[in-house]
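Report on the following structure.
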Amino acid sequence: MVTTPPPGRSVPGNRWDLLDGLVPARPPTVSVVVVHYRQQAELDRTLAALHRQTHPADRTEIIVVDDGSPEPPRVPDGVRLLCQADEGFRVAAARNLGASVATGDVLCFLDADTVPEPGYLTAITRLPALAPEAVVAGRRRHADLAGLPVDAPVDVAGPAGALPEPQWLRDAYRLNHDLLDADDRSYRYVIGAALACSRWFFHRVGGFDEQFRTYGGEDWEWVYRAWLAGAVLAHAADAVAWHDGPDWAGRDVDDPARRARKDAETLLLADRIPVAGSRGYGLRSAGPDVVIRLGTAPSPVAAYVCVDSLLAALPAATVHVPAEFAGLFTADQRVTSGPAGPDPRTRVVIDVPAAVRADRVADLLRDAVSAVGVGTLGTVLLGPSPAPTIRVDSARARARRDTWGEEMFETHVHADAGPAVLDADPGLAGYLGGWA
């Protein structure tokens, strides 16, 4: 496993456009992980296409992972074959298995029925080779390739048999400028069947979630964790791979179990991705989206006012308080004691060094929680730097800072907006409604 980033650089926010026109000094070593299940003809076509790539063959490793086919697929010499037991649809486990033995600097994931054009590897690996946090989606197009010779050039056969592309995906890439303007929900526009990232970054994020055991969802969940770990998301429109057959929307349209499969995927995603717009409206997800850490309070009353006012502003947050105040909050599962351990799904961390009354800055807090991590904004300080009374930090900014030892996001300071630190008697009765 690669523990330190390979040579390269980072960029502010998601500004992969700053690398436009640049190419690696030397083509990267690439491991292509192809997942297969009972699609020998489609696999033959994809492997033939991989052997026609413009990327140097001596810097390309091809790994086929079979997901339990009754008979293992046939692969040509020089292609590594791995097999796992047939225990359901386990594309997440198959991709993880392939990545675990890969040796290339860049990982490229393909499905057996997704056939790359000759320039695919060169185009999709450019950014990960330059910026090791880049996660790049290729352009998956659709065509009827059945019956054609497996060695038919797909850059000719694909356009000749083209089927409709998903319009929602094309519209998204147009509106977000090929993911340049990515946000916290842009994971939806990265498809695992045509995906590339550095091997170092894949292992830093952690593999695909193997709890996904039906079609779809495992790629979105992984990309969301990658986003929080500091990913630079990009769509390489010139990295074209042709899927043999229609998009999901055009498959199995008369299958009564189709909706149930989609619902199962959505339930898992709602549990794994806690950001607003992906989670439920009232139910909580498995991981906290926002974590608030209270450093100290001069009294139980001050701790109560602080935590209550923070949760009034951010009711979906989780609050960590010093152990001495844990007994105050036993009825509310959102409040825990002790240090806040790292969670790969936490998007925002709010540090409150000393107890404050947060209702007076509730709007600023909500705005900051929505804004950090998107664009080039990483941190918002309420109160003067370097000792604000509230610090709102995005996980993305922290991850980049840890990797590169410098700030790769901007910090906005509201020097006059920081709430005052509470004393031991903050007037609890008045805070709660003016009791006599």
Closest approach of [X] and [Y], non-hydrogen atoms and distance?
X: Y120; Y: A241; answer: CE1-CB, 3.8 Å
X: A302; Y: A355; answer: O-CB, 3.8 Å
X: C108; Y: I124; answer: SG-CG2, 4.2 Å
X: R140; Y: A193; answer: NH1-CB, 3.7 Å
X: D359; Y: S309; answer: N-CB, 3.6 Å
X: G8; Y: P132; answer: CA-CD, 4.1 Å

Side chains of [X] and [Y], heavy atoms from C-beta outward: is any pair under 4.5 Å?
X: D343; Y: P288; result: yes
X: V392; Y: V348; result: yes
X: P128; Y: V136; result: yes
X: V319; Y: D332; result: no
X: W227; Y: D184; result: yes
X: V106; Y: H55; result: no
X: V232; Y: L127; result: no
X: Y189; Y: L233; result: no

Verify the neighbour count for atom [atom1] of [X]: are there more than 12 heavy atoms of other residues, nucleotides or ligands below 6.0 Å?
X: D263; atom1: CG; value: yes
X: Q167; atom1: CD; value: yes
X: L175; atom1: CG; value: yes

Original post:
After noting the C-alpha distance and the side-chain angles of R284 and T318, does the key distance pass the side-chain hydrogen bond (donor to acceptor under 3.5 Å, both in side chains) rule?
Top reply: CA-CA 10 Å; R284 303 188 71 188; T318 294; 2.7 Å; yes
**OP:** Check the pair L50 / V79 against side-chain contact (heavy atoms from CB on, under 4.5 Å), numbers first and verdict last.
**Re:** CA-CA 11 Å; L50 285 171; V79 173; over 6 Å; no
**OP:** Classify the angle between the aromatic ring planes of Y173 and H235 as parallel (below 30°), tilted (30 to 60°) or perpendicular (above 60°).
**Re:**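 Parallel, since the angle between the ring planes stays under 30°.
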Original post:
Would you call the rings of F329 and Y304 parallel, tilted or perpendicular, where under 30° means parallel and over 60° means perpendicular?
Top reply: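 Aromatic pair F329/Y304 classed parallel.
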Do [Y] and [X] meet the salt-bridge criterion of a basic N to acidic O distance under 4.0 Å?
X: R398; Y: D351; answer: yes
X: R15; Y: D17; answer: yes
X: R139; Y: E165; answer: yes
X: D238; Y: R126; answer: no
X: R345; Y: E221; answer: yes
X: K262; Y: E265; answer: yes
X: D111; Y: R95; answer: yes

Okay, side chain of [X], backbone of [Y]: is any donor-acceptor separation there less than 3.5 Å?
X: W220; Y: G192; result: no
X: R185; Y: G277; result: yes
X: T330; Y: A326; result: no
X: D244; Y: D113; result: no
X: W242; Y: R141; result: no
X: S299; Y: A424; result: yes
X: S285; Y: A270; result: yes
X: T389; Y: P419; result: yes
X: R199; Y: G104; result: yes
X: D183; Y: V374; result: no

Original post:
So which of V413, V372, D393, V349 actually passes side chain to side chain contact (heavy atoms under 4.5 Å, CB included) with T379?
Top reply: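 Single side chain to side chain contact (heavy atoms under 4.5 Å, CB included) partner of T379 among V413, V372, D393, V349: D393.
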Subject >> Steps toward side-chain hydrogen bond (donor to acceptor under 3.5 Å, both in side chains) verdict (T60, Q53) >> reply: CA-CA 9 Å; T60 304; Q53 293 293 299; over 6 Å; no
[X] side, atom [atom1]; [Y] side, atom [atom2] - distance, nearest 0.5 Å:
X: H36; Y: D66; atom1: NE2; atom2: CG; result: 6.0 Å
X: S385; Y: R391; atom1: OG; atom2: CZ; result: 8.0 Å
X: E61; Y: I63; atom1: CD; atom2: CD1; result: 4.0 Å
X: H414; Y: L382; atom1: NE2; atom2: CG; result: 6.5 Å
X: L310; Y: I292; atom1: CG; atom2: CD1; result: 4.5 Å
X: W16; Y: H177; atom1: CH2; atom2: NE2; result: 9.5 Å

**OP:** Report the residue from F212, F202, F109 that forms a ring-ring contact (aromatic ring centres under 6.0 Å, His included) with W222.
**Re:**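 Testing each of F212, F202, F109 against W222, the sole residue satisfying ring-ring contact (aromatic ring centres under 6.0 Å, His included) is F202.
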**OP:** Apply the test side-chain contact (heavy atoms from CB on, under 4.5 Å) to residues L169 and I191: give CA-CA distance (whole Å), side-chain angles for both, the deciding distance (0.1 Å), then the verdict.
**Re:** CA-CA 10 Å; L169 196 54; I191 308 301; 4.2 Å; yes
**OP:** For side-chain contact (heavy atoms from CB on, under 4.5 Å), just list the numbers for R347 and V369, CA-CA rounded to whole Å, side-chain angles, deciding distance to a tenth of an Å, and then say yes or no.
**Re:** CA-CA 9 Å; R347 182 177 57 89; V369 165; 3.5 Å; yes
**OP:** Take Y187 and S278, measure what side-chain hydrogen bond (donor to acceptor under 3.5 Å, both in side chains) needs, and give me the verdict at the end.
**Re:** CA-CA 11 Å; Y187 65 85; S278 297; 2.5 Å; yes
**OP:** Apply side-chain hydrogen bond (donor to acceptor under 3.5 Å, both in side chains) to H243 and T114, showing your working.
**Re:** CA-CA 4 Å; H243 179 274; T114 305; 5.1 Å; no
**OP:** Please lay out, stage by stage, how D155 and R52 fare under the test salt bridge (charged side-chain N to carboxylate O under 4.0 Å, His left out).
**Re:** CA-CA 11 Å; D155 47 323; R52 290 196 299 270; 5.8 Å; no
**OP:** Assess whether side-chain contact (heavy atoms from CB on, under 4.5 Å) is satisfied between I350 and L314, documenting all intermediate values.
**Re:** CA-CA 11 Å; I350 301 176; L314 301 168; 3.5 Å; yes
